Amino acid sequence: MNEVYSLETVIRYLSALILPGMLVLLFTRVTYNRVIGLILTVALIATSVYKGYTNTFLLIVVDAFSLTAGFWMAAKMRQRIVKKS
């Protein structure tokens, strides 16, 4: 249990925690549909898994958590826009 993580591993996990959620928000803003934004982001993550960049199960779980959080934030963003109108 006394494992030392390299800087590359830390960057991978931080990126997996932040970037998928931000991509869902970006694609949602571009396509005006949060489901399409989620599908596009899942396609990008599936491609990275296929290419071997996402190589551990824990990294896939962190990606999934970030996707869920991004999808939730996209729903909140839509509610805020509807209230303004």
Side-chain angles (χ1 to χ4, degrees):
M1 287 289 189
N2 201 0
E3 212 172 299
V4 177
Y5 293 107
S6 66
L7 183 60
E8 178 185 351
T9 305
V10 172
I11 290 173
R12 280 185 189 219
Y13 281 100
L14 285 176
S15 297
L17 187 62
I18 296 169
L19 292 178
M22 290 179 63
L23 281 173
V24 170
L25 291 176
L26 174 73
F27 289 144
T28 298
R29 292 290 286 187
V30 170
T31 62
Y32 298 106
N33 189 335
R34 66 186 177 123
V35 175
I36 300 296
L38 181 70
I39 290 170
L40 289 172
T41 307
V42 167
L44 283 175
I45 291 174
T47 304
S48 82
V49 170
Y50 178 74
K51 288 288 191 177
Y53 298 120
T54 306
N55 52 6
T56 64
F57 180 72
L58 184 59
L59 202 55
I60 294 170
V61 170
V62 172
D63 277 335
F65 173 76
S66 182
L67 283 170
T68 305
F71 192 70
W72 177 78
M73 289 186 334
K76 292 293 181 185
M77 181 177 65
R78 182 166 185 241
Q79 288 176 356
R80 191 175 53 214
I81 290 171
V82 169
K83 282 184 181 179
K84 283 185 178 180
S85 302

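Predicted model only: the values in this text are computed from it and were never measured.
Contact detail for Asp63 and Ala16: the closest heavy-atom pair is OD1-CB, 3.2 Å. Taking all atoms of both residues into account, the shortest heavy-atom contact from Thr54 to Ser48 is OG1-OG, 3.0 Å.
Leu7 and Tyr13 are assigned to two separate hydrophobic clusters, defined by single-linkage of ILVMFWY side chains at heavy-atom distances under 4.5 Å. Note on Leu14 and Leu59: separate hydrophobic clusters, where clusters join Ile, Leu, Val, Met, Phe, Trp and Tyr whose side-chain heavy atoms are under 4.5 Å apart, directly or indirectly. Side-chain heavy atoms closer than 4.5 Å link hydrophobic residues (I, L, V, M, F, W, Y) into clusters, and following such links, possibly through other members, connects Leu44 to Leu40. Hydrophobic clustering of Ile, Leu, Val, Met, Phe, Trp and Tyr side chains at less than 4.5 Å, counting indirect connections, keeps Leu19 apart from Leu17.
The environment of CE in Met77 is crowded: more than 12 heavy-atom neighbours from other residues, nucleotides or ligands sit within 6.0 Å.
In this structure, Thr41 and Phe71 have side chains that are not in contact, with every pair of non-hydrogen atoms separated by 4.5 Å or more. Using a 4.5 Å cut-off on side-chain heavy atoms (C-beta onward), Leu23 and Ile45 make no contact.
To the nearest 0.5 Å, the span separating CG on Leu67 from CD1 on Ile60 amounts to 11.5 Å. Interatomic distance, Met73 CE to Arg34 CZ, rounded to the nearest 0.5 Å: 13.0 Å. If you take CG on Leu38 and CG on Asn33, they are separated by 10.0 Å, rounding to the nearest 0.5 Å.
Proximity of a side-chain donor or acceptor of Ser66 to a complementary backbone N or O of Val62 within less than 3.5 Å is not detected. Without hydrogens or angle criteria, Arg12 side chain to Tyr53 main chain gives a donor-acceptor distance under 3.5 Å.
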